[in-house]
Amino acid sequence: DHAVFLAVPADQRFDAAHMGVSRGRAQATPGALLVSTANAEEPAVVVLKAALRSSDFAGIEWIVAGLPDDADVRLMWRTNYQPERLNIAPMTVDGGRLRPISVRAEPAWIGTIVDLGLAVRGNPQVPFEVRGVIARPLGAVELVRDRLSQTDAARGFLLDGFPRNRPQADDLDEFLASRGESLDAVI
């Protein structure tokens, strides 16, 4: 008998020094870009070159502060699979910051992600600060949530070796409760 362990990649971090602005205005500050839109109709676009294997990274977190809650924000990316296609997904602003976005279910999140971008449409008088981007792999909890969200798990499932600790158990209970479900039995 032998065990097979799956290597989980570490977070991939990009700081502001790796970024540029293709639309809008930017001023480099220590550890950040101070970005603003040119006008209310045109978005500011922050870009960076990346080399992320899509199957390794399921979440993207832009480290941004000072966004108005009503700003229209989009994650953008290009892949080596379809380099001519610009892919876009909406992001949520919460308290001036961006919530991380799960891209695992995005059909266009395939191949190698070669470019990442952030498009922000908002008040040109209000600059926002971009400190970096973190690409996050799927952890055990995210893997289970993802798997239980697939249609073939709707009729039931068996978890072997999960959860392994109280925080994972609490997260599983919370996830199931959000779907109006609960565990039938635990051995």
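- Shown here for Ala169 and Pro163, the closest heavy-atom pair between the two residues is N-CB, 3.5 Å.
- The shortest side-chain heavy-atom distance between Glu106 and Trp77 falls under the 4.5 Å cut-off.
- A distance-only check finds no donor-acceptor pair linking the side chain of Thr37 to the backbone of Ala40 [under 3.5 Å].
- A salt bridge links Asp115 with Lys49; the closest basic N to acidic carboxylate O contact falls under 4.0 Å.
- Within the 4.5 Å cutoff, the side chain of Trp62 has no heavy atoms near those of the Val120 side chain.
- Judged purely by atom type and a 3.5 angstrom limit, Asp69 uses its side chain to pair as donor or acceptor with the backbone of Gly96.
- Contact of the Gln168 side chain with the Asp171 side chain is not registered, since no non-hydrogen atoms from C-beta on lie closer than 4.5 Å.
- To the nearest 0.5 angstrom, Leu118 atom CG is 7.5 Å from Leu75 atom CG.
- Looking at heavy atoms from C-beta onward, Ile134 lies out of side-chain contact with Ile60 at the 4.5 angstrom threshold.
- Looking at every heavy atom in both residues, Ile101 comes nearest to Pro90 through CD1-O, 3.3 Å.
- Counting all heavy atoms, side chain and backbone alike, Asn80 lies closest to Pro83 at O-CD, 3.5 Å.
- Proximity of a side-chain donor or acceptor of Thr112 to a complementary backbone N or O of Val114 within less than 3.5 Å is not detected.
- By the 6.0 Å contact criterion, OH on Tyr81 is open, its count of non-hydrogen atoms from other residues, nucleotides or ligands being 12 or less.
- In Arg23, the CZ atom is not crowded: 12 or fewer heavy atoms of neighbouring residues, nucleotides or ligands sit closer than 6.0 Å.
- Side-chain atoms of Ser22 and Val45, non-hydrogen and from C-beta on, do get closer than 4.5 Å to each other.
- No more than 12 heavy-atom neighbours from other residues, nucleotides or ligands sit within 6.0 angstrom of CZ on Arg164.
- The structure places CG of Asp70 at 12.5 Å from CZ of Arg121, a figure rounded to the nearest 0.5 Å.
- Across Ser36 and Pro127, no two heavy atoms sit closer than the pair CB-CA, 4.0 Å.
- Side-chain contact check for Ile113 versus Arg78: every heavy-atom pair is 4.5 Å or farther apart.
- Arg74 has a carboxylate O that lies under 4.0 Å from a charged side-chain N of Asp72, or vice versa, which qualifies the two as a salt bridge.
- A pairwise comparison of heavy atoms in Val133 and Met19 identifies CG2-CE, 3.6 Å as the closest pair.
- Hydrophobic clustering, with ILVMFWY side chains joined whenever heavy atoms are under 4.5 angstrom apart, groups Phe128 together with Leu116.
- Between Ala65 and Arg97 the shortest heavy-atom distance is CB-NH1, 3.6 Å.
- You'll find the side chain of Arg136 stays beyond 4.5 Å of the side chain of Phe57, heavy atoms only.
- At a threshold of 4.5 Å between non-hydrogen side-chain atoms, the residues Val47 and Val21 do not count as touching.
- Open room surrounds CZ on Arg53; 12 or fewer heavy atoms of other groups in view lie less than 6.0 Å from it.
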